[in-house]
Number of protein chains: 4
Amino acid sequence: MTQTIGIGLVGTGYMGKCHALAWNSVKAVFGNGRRPRLVHLGEVTVELARQKAEEFGFERATGNWRDVVADPEVDVVSITTPNQFHADMAIAALEAGKHVWCEKPMAVAFADAQRMADAARASGKAAVLGYNYIQNPAVRHIDALLRDGVIGPVNHVRVEMDEDFMADPDALFYWKSEASSGYGAIDDFGVHPLSLITTLLGPVERVMANMSKPYADRPARDGGRRSVETYDIASILIELQNGASGLIALSRTAWGRKGRIAVQIFGAKGTITYDQERLNEVQVYETSDKPAEQGFRTILTGPSHPPYDRFIPAAGHGLGFNDLKIIEAHELLKAIAGQEARVIDFAQGLEIERTVHAMAQSHHEGRWVDVAEKG
Amino acid sequence: MTQTIGIGLVGTGYMGKCHALAWNSVKAVFGNGRRPRLVHLGEVTVELARQKAEEFGFERATGNWRDVVADPEVDVVSITTPNQFHADMAIAALEAGKHVWCEKPMAVAFADAQRMADAARASGKAAVLGYNYIQNPAVRHIDALLRDGVIGPVNHVRVEMDEDFMADPDALFYWKSEASSGYGAIDDFGVHPLSLITTLLGPVERVMANMSKPYADRPARDGGRRSVETYDIASILIELQNGASGLIALSRTAWGRKGRIAVQIFGAKGTITYDQERLNEVQVYETSDKPAEQGFRTILTGPSHPPYDRFIPAAGHGLGFNDLKIIEAHELLKAIAGQEARVIDFAQGLEIERTVHAMAQSHHEGRWVDVAEKG
Amino acid sequence: MTQTIGIGLVGTGYMGKCHALAWNSVKAVFGNGRRPRLVHLGEVTVELARQKAEEFGFERATGNWRDVVADPEVDVVSITTPNQFHADMAIAALEAGKHVWCEKPMAVAFADAQRMADAARASGKAAVLGYNYIQNPAVRHIDALLRDGVIGPVNHVRVEMDEDFMADPDALFYWKSEASSGYGAIDDFGVHPLSLITTLLGPVERVMANMSKPYADRPARDGGRRSVETYDIASILIELQNGASGLIALSRTAWGRKGRIAVQIFGAKGTITYDQERLNEVQVYETSDKPAEQGFRTILTGPSHPPYDRFIPAAGHGLGFNDLKIIEAHELLKAIAGQEARVIDFAQGLEIERTVHAMAQSHHEGRWVDVAEKG
Amino acid sequence: MTQTIGIGLVGTGYMGKCHALAWNSVKAVFGNGRRPRLVHLGEVTVELARQKAEEFGFERATGNWRDVVADPEVDVVSITTPNQFHADMAIAALEAGKHVWCEKPMAVAFADAQRMADAARASGKAAVLGYNYIQNPAVRHIDALLRDGVIGPVNHVRVEMDEDFMADPDALFYWKSEASSGYGAIDDFGVHPLSLITTLLGPVERVMANMSKPYADRPARDGGRRSVETYDIASILIELQNGASGLIALSRTAWGRKGRIAVQIFGAKGTITYDQERLNEVQVYETSDKPAEQGFRTILTGPSHPPYDRFIPAAGHGLGFNDLKIIEAHELLKAIAGQEARVIDFAQGLEIERTVHAMAQSHHEGRWVDVAEKG
């Protein structure tokens with residue numbers, strides 16, 4: 001008899017559905033571990049909750065998220081609500097003895113992120129953030145290449161993350177342009193490049209950021225125009241604790257970019273590049289190749305790049321974005337089972353938040369800020 | 001209360017797992033229709049069947065596929081066994097009043113494919129083949145572009161399908177090199193390009209094929225070498241009923257190609273290209289653009305290209321190979337519900353088989369063969 | 001004192017200018033050999049000849065090409081006139097004791113090509129055809145890779161050559177649609193892929209072609225429509241003397257393709273690809289790489305790929321189309337000096353013509369034709 | 001009778017040869033203007049000068065550059081010597097009444113650049129710098145797209161310039177690692193991105209740079225190791241006078257990059273990208289396309305993109321790096337003839353130098369520096 005693990009889900013938007021799909025598939029993909037039992041789903045109204053429970057396969061539905069957290073048959077709570085709710089929900093779930101899988105970023109305010117990390121430490125439960133891009137077999141392969149020294153010591157890194165969902169200057173003002181939502185690109189986006197950089201290369205030591213507003217105001221829903229309070233574009237100079245220099249470039253107004261996360265890692269013996277818009281490809285340039293035959297190799301991920309093989313036995317057939325979340329669910333299950341797991345937990349997530357807030361400070365003060373200065 | 005539909009699965013290899021994943025996810029992805037209830041799984045031994053049933057979430061397991069077909073709680077049978085078993089299983093399932101989802105190609109012998117098509121017609125049930133590439137939102141977008149006349153009347157088409165799983169001349173001889181498995185690339189592979197061509201452009205009128213063996217023999221398991229009986233490479237001139245000329249190029253010994261299906265469609269007003277190795281991209285060249293700005297546009301699929309939006313609300317984040325099978329499962333459920341569906345049923349599948357056998361004949365006779373000549 | 005060599009040029013269109021540019025630059029690029037002295041230029045009128053002589057730097061101009069051939073100070077005659085004039089001009093020049101550099105294809109009629117080859121053999125002079133693509137350092141590198149066995153024995157080759165200068169169905173009928181200009185794509189175009197295939201892989205043994213007319217008629221200059229007599233599209237199955245199979249695909253109605261010559265060469269140990277539209281890149285896939293790191297390497301040509309270094313000392317900066325003609329001029333000068341040279345001379349060019357005519361025959365007879373059958 | 005213009009050349013390395021090739025070809029390519037007469041060539045020894053004069057086609061040779069400057073038959077002096085000699089040579093030539101074509105950067109010291117600009121202004125002669133990348137028809141097309149408002153007002157720009165000629169940590173220390181050669185990447189390289197940015201988007205207002213040394217020391221010629229004094233890598237935040245933000249990223253230790261100048265320009269209605277390693281391609285994303293068909297268009301340059309048509313009448317055949325220098329020579333000849341010309345003259349070049357020195361200052365002071373602060 002397969003053992004099950006009880007799942008609660010709060011929020012059913014973009015990421016809520018993504019979690020639900022992962023919970024539905026993870027056992028069949030990986031074949032091992034406990035089978036997720038989709039127990040309880042919470043939404044803002046019980047009607048919406050019921051509809052989504054029916055679609056996603058949850059047994060129970062509620063209009064009050066506290067019911068999910070309190071449900072004794074729930075072992076893990078997936079939190080996929082807007083960012084300002086993460087802290088209260090995650091802390092309540094941890095205090096109720098649940099494991100937590102919370103979407104990024106942790107919280108809008110740094111103090112909230114600190115409270116979350118404290119609660120996670122106190123609970124002894126798995127408390128994991130939804131940084132799915134680090135789960136890509138392509139990124140794991142980059143990790144392996146770096147560990148194996150294939151490109152030698154890394155001395156420089158560049159990461160660009162660009163999308164265009166805020167690019168239309170004629171689109172109506174909405175909450176992402178309000179200061180209450182955060183700084184803008186650096187927290188909405190910048191946390192993803194930071195998750196990759198810290199996973200692949202270690203912590204950031206200091207930052208120097210420039211944030212900008214491509215559009216000073218946007219049309220308001222009730223006519224007229226409203227001033228934009230967040231920064232859709234940011235460029236950040238960074239230095240890592242390992243001595244490498246680098247930069248992070250972020251834009252959510254980059255027309256034509258849909259899910260670009262372009263990574264370039266330069267070492268003394270080679271270079272690795274990768275772009276999430278072609279998520280099944282890694283490029284590697286190695287100086288160990290013969291001079292006349294040196295070139296960037298485009299590696300299509302396949303069974304040689306675990307856990308690709310759990311999805312498809314043939315190389316180059318392509319994983320998708322949702323598959324990364326299935327891998328993440330599997331890593332979370334490993335963490336819950338006390339096994340070594342590739343996750344960004346609340347303690348590591350706090351360091352990412354710390355870096356983001358250092359970026360904002362450096363922008364406002366026009367100077368380099370050491371990440372350690374923050375908190 | 002959600003209505004369910006009972007699923008039986010025979011075979012748990014590459015495609016068996018792929019079907020199981022699709023059945024697990026289809027309801028959560030699309031949100032509508034009956035929820036698949038994974039009822040009965042058949043494998044060659046009951047032990048393997050039990051293990052896979054536990055992994056995939058099936059309720060019952062058997063070492064005899066006839067148990068699956070006979071199970072009154074099973075409404076649909078997924079058939080993912082080796083090709084030589086398709087005919088008997090599919091016909092038995094149809095005769096037992098089940099809907100059938102059978103992997104491609106239909107059968108090794110043309111007569112078997114004909115029997116399958118006959119049984120499907122007699123049954124009145126949905127009998128659908130596993131041609132997943134036509135389900136790609138990118139391919140559907142090509143369909144829409146063609147229907148809208150964006151590139152004008154099509155006059156030429158080229159499709160290459162290449163992989164490298166037979167490319168190593170030092171790999172041991174196995175059943176794919178035996179004549180009993182079929183002709184080689186044209187049936188193992190060629191059916192996929194044909195599924196795309198017939199879906200997008202209509203039936204093939206005549207063919208002229210050249211098949212070749214890159215390696216005359218391969219190492220035998222018991223030492224020595226064994227003559228290769230199938231053709232790993234094939235190049236086929238084609239003419240379509242709509243008057244367009246074209247070619248199909250196939251190789252399963254193309255080093256470095258992992259899942260390449262490169263399509264080029266030429267019209268009087270533009271060109272469309274697509275490669276399954278970058279399955280989220282379509283290229284379109286349109287002469288309606290200003291001369292100095294004409295160029296191939298790389299369109300990243302997104303919510304504008306249904307049913308991408310059922311998976312991810314943001315463009316360019318990328319579907320994977322397994323997602324195509326989820327779409328296919330959804331189309332099958334629509335067909336079962338009596339709705340219009342994008343599927344290749346046994347009747348259409350038979351035309352693909354007919355074309356394949358015409359190719360083989362043209363190779364052996366060194367002349368053009370009309371598809372209609374076959375049977 | 002630098003020795004000079006006297007140049008004559010007949011024709012000043014696309015290729016005429018290209019020859020003139022090459023003669024102007026070859027000494028400065030390569031630094032060795034005789035300096036071309038631009039002596040005599042012929043055009044259809046003396047006025048045009050004078051204008052072009054002034055532009056290109058020729059000393060004398062004439063409206064009668066026989067003056068160029070007869071000029072005692074001319075050592076080499078560049079022939080860049082329309083194809084139907086090649087035979088008479090080349091033969092006259094050879095008989096006058098000149099070396100000849102004649103644009104491809106040799107002639108419209110096979111008998112003319114034979115006469116040209118005969119005249120060349122009788123003359124003992126250098127008689128070279130303008131197959132510039134074989135001069136690309138990228139193509140030379142492919143040659144080196146093949147010679148070194150990097151991809152093992154070649155078993156399959158595909159070459160596509162596509163442009164779109166005939167793609168507009170509303171463009172006026174002009175001489176390229178008249179039967180007197182030749183067959184269409186196979187002689188206008190197909191000779192380039194054949195120059196690459198024979199240079200890289202050796203002679204073609206037999207062919208099976210299908211030619212097609214995307215547009216049955218085109219608007220005539222005087223109103224109305226006129227039937228198209230040539231075939232803008234051709235697909236050809238080929239088998240090489242070395243045992244490899246392959247195909248050639250040609251279109252001059254391929255919207256969006258501007259100078260595509262896409263080459264794919266498959267071997268037992270790897271694959272090489274190349275596209276003339278990105279003329280400074282070669283892709284190589286080698287199975288000697290570690291499995292998890294196998295991928296197509298994109299090699300940017302540079303000083304490791306001679307004679308790139310004669311143009312630019314830094315890799316990846318890019319040669320252009322006209323640079324290939326400079327290399328060709330240099331090879332011709334080597335041939336004239338009695339050194340080993342990379343050229344396609346009239347004897348080899350005749351074999352290319354023979355293959356083209358075999359293609360046409362195979363199309364009309366619907367069967368494979370051995371190249372040796374021709375002539 | 002064609003009028004000629006007398007050319008002097010000082011320096012025959014990488015850029016010296018490039019100038020010589022341009023002077024040899026410019027008349028034949030463009031067909032108009034005065035024919036360059038290659039009069040006098042100077043090198044460090046008369047022997048080398050004579051050899052190069054013979055190769056390049058110069059009439060006279062000297063071991064003393066002042067002979068070139070003083071030659072009454074010389075109208076224009078090409079200066080392609082190491083950077084520290086530019087100022088003296090250019091000023092002497094200008095004072096001798098010659099036009100000057102000087103390679104970039106202007107000088108190592110800012111004061112020298114100022115002296116050069118002063119001398120140019122005083123002379124009334126054409127004084128032009130060798131910023132060839134702005135001459136690329138692809139870049140000119142970007143210019144046209146921006147002027148036409150195709151992507152709307154620009155709000156962000158990123159330019160990366162990367163090569164790998166300093167990437168090998170085991171290569172011997174040479175003068176480019178000495179402080180006397182300048183700062184490192186920002187002057188050796190950064191001037192190129194600045195030439196593009198200022199040409200396309202206007203002047204830079206303020207900068208914030210971070211320079212780094214990937215290798216602290218390098219092997220010395222006489223054994224042991226020597227400390228590196230220059231910065232091979234630099235990342236620079238910028239703000240333009242037009243209000244756009246941006247960044248410049250530079251590395252001469254980026255393994256695998258050979259001539260990468262990757263430009264991304266973001267506007268309110270679209271995006272333009274371009275990479276010099278594929279110098280015949282421009283990518284444009286326009287929101288005026290229909291939503292489901294939006295994508296980056298890859299435009300191959302051709303006759304629609306002047307002055308491509310002067311080189312080749314067919315699109316997509318490809319210009320090379322040396323062709324850009326021919327265009328530059330033609331623009332210089334236009335400037336000399338008093339026509340409007342696309343050049344960066346000494347006055348504009350000085351602004352580029354000013355920006356470079358502001359970058360260095362910002363690095364050392366860890367703060368933003370207004371370009372106007374310098375000088």
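Reminder, nothing fancy here: chain letters follow the sequence lines and each chain counts from 1.
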Any donor-acceptor N or O pair under 3.5 Å, side chains A:Tyr274, A:Gln276 = yes
ask   = For C:Ile326, which of C:Leu319, C:Val29, C:Asn24 qualifies under side chain to side chain contact (heavy atoms under 4.5 Å, CB included)?
value = C:Val29
message = Checking salt bridge (charged side-chain N to carboxylate O under 4.0 Å, His left out) between A:Asp164 and each of A:Arg252, A:Arg260, A:Arg257, A:Lys258, which is the one that passes?
response = A:Lys258
ask   = Does any heavy atom of chain A fall under 4.5 Å from the side chain of C:Gln283, the backbone, both, or neither of them?
value = neither
ask   = Hey, mind stepping through C:Val128 and C:Ile344 against side chain to side chain contact (heavy atoms under 4.5 Å, CB included) and telling me if it holds?
value = CA-CA 6 Å; C:Val128 162; C:Ile344 291 184; over 6 Å; no
query = For chain A, which residues from residues 132-158 of chain C lie under 4.5 Å away (heavy-atom distances)?
reply = C:His141, C:Leu145, C:Val150
ask   = Is there a donor-acceptor pair under 3.5 Å between the side chain of A:Glu277 and the backbone N or O of A:Gly259?
value = yes
inquiry  = Is a donor from one side chain sitting under 3.5 angstrom from an acceptor on the other, for A:His317 and A:Asn280?
reply    = no
inquiry  = Using heavy-atom distances under 4.5 Å, tell me whether C:Gln294 contacts chain A through its side chain, its backbone, both, or neither.
reply    = backbone
request  = Begin with the C-alpha distance, continue with both residues' side-chain angles, and end with the deciding distance and a verdict on salt bridge (charged side-chain N to carboxylate O under 4.0 Å, His left out) for C:Arg297 and C:Glu286.
outcome  = CA-CA 9 Å; C:Arg297 225 175 271 176; C:Glu286 301 183 22; 3.6 Å; yes
key: Option in C:Leu300, C:Val282, C:Asp289, C:Thr301 with maximal non-hydrogen atom pairs under 4.5 Å from chain A   = C:Asp289
